[in-house]
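The next block holds one structure in the form of structure tokens; read it before the comments.
Order of listing sets the numbers, starting from 1, for every ligand and every atom in it.
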Amino acid sequence: MRNLDEETITQAVLARHADMPNGRLKQIMTSLVQHLHAFAREVQLTEEEWAAGIQFLTEVGHTCSGTRQEFILLSDTLGLSTLVTAQNHKKPRGCTESTVFGPFYVDGAPEYELGADVGNGMAGEPCYVSGRVRSITGEAVPGARLEVWQADAEGFYDVQQAGLEEHRGRGALRADADGGFHFKSIVAECYPIPHDGPVGRMLDALGRHPWRPAHLHFMISAPGYQTLITHVFREGGEYLDSDAVFGVRSSLIGDWVRHDAGTAPDGTVSATPFYTLDFDFILNPTPAAPAATPSNRR
Ligand code: BEZ
Ligand code: FE
């Protein structure tokens with residue numbers, strides 16, 4: 001293939017992929033090449049703009065580290081994460097909706113007993129969180145595993161804090177036999193996504209702010225159910241309609257109630273005001289495996 005030009009280059013690349021044995025990879029790469037080329041044609045991309053794009057992606061890569069995932073931030077801020085979440089988590093009405101995972105989940109968070117203080121010394125106003133995990137048909141999901149994570153009052157996750165040895169504001173708990181759970185933490189506050197890197201500069205150039213509305217992250221799993229990755233947002237908070245990563249769903253806005261100093265739900269006396277949040281999660285069962293028939297039985 002020689003003498004390729006504006007008109008013929010796309011087909012030439014696709015022809016080079018004709019014998020790709022992996023059908024799904026072939027489908028994805030064909031579409032990617034077609035859309036990339038269509039994009040360059042549509043905007044009549046200049047060489048300077050092409051170079052600026054390469055430079056930007058290079059900086060995104062260089063900004064990634066063990067605790068910073070700038071590519072996820074890029075995907076989140078361009079709405080790709082919300083699109084992929086939405087198309088992969090269609091559920092029956094009544095199930096708790098999923099939303100973006102974000103870059104601050106970590107494996108191996110400490111395991112806590114129900115009622116424990118998951119904040120573990122994290123700065124912020126106390127918040128007592130409770131709820132139940134149920135199935136779409138109403139029955140309790142006993143022993144469901146809940147992983148929670150959140151930022152502190154200044155908007156930083158524990159993993160963003162250099163030198164912090166232990167986990168704060170994150171933990172794993174098991175629901176009781178009735179699917180009930182409760183724990184103490186701190187009230188969630190609005191915070192900006194990390195914006196001191198290329199994605200922050202991109203938002204700036206686009207005239208966008210980097211803020212997320214106050215939220216608490218949950219990942220809830222139980223045998224026989226699809227794992228739910230979601231947040232609970234704070235009613236009445238700022239940025240619910242301009243989340244930098246497009247993650248807000250009305251059904252995920254909880255009622256965080258402020259209480260004056262006094263007796264807290266765990267029976268202790270709080271010398272400072274505190275919050276409560278009660279929120280139930282409704283899980284979607286995993287699809288039943290197809291019944292064995294004479295043709296698929298082995
Ligand atoms: C988060 O909520 O933790 C988050 C989500 C997307 C980008 C940055 C942070
Ligand atoms: Fe978050």
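- Closer than 4.0 angstrom to ligand 1 sit non-hydrogen atoms from Leu73, Asp76, Gly102, Pro103, Phe104, Tyr157, Tyr191, Ile193, Arg212, His215, His217, Val245.
- At a threshold of 2.8 Å, the Fe ion (ligand 2) has a backbone or side-chain N, O or S atom of His217 nearer than that distance.
- Here Trp256 and Tyr275 keep their ring centres 6.0 angstrom or further from each other.
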Dump the intermediate steps for side chain to side chain donor-acceptor pair (under 3.5 Å) on His35 and His37, then the final yes or no. CA-CA 5 Å; His35 281 86; His37 289 204; over 6 Å; no
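- Of the residues Tyr239, Tyr157, Trp211, the one that meets the ring-ring contact (aromatic ring centres under 6.0 Å, His included) test with Tyr191 is Tyr157.
- Using bins of under 30°, 30° to 60° and over 60° for the plane-to-plane angle, the ring pair His231/Phe233 lands in the tilted bin.
- Residue Gln150 does not count as close to the Fe ion (ligand 2), with no N, O or S atom under 2.8 Å.
- Remark: Arg68 engages Asp196 in a salt bridge, criterion side-chain N to carboxylate O under 4.0 Å.
- Using cut-offs of 30° and 60° for the angle between ring planes, the Phe218 and Phe281 rings count as tilted.
- With the Fe ion (ligand 2) as the vertex, OH (Tyr191) and NE2 (His215) define an angle of 100°, rounded to 10°.
- Salt bridge annotation for Arg174-Glu113: absent, with no cationic side-chain nitrogen under 4.0 angstrom from a carboxylate oxygen.
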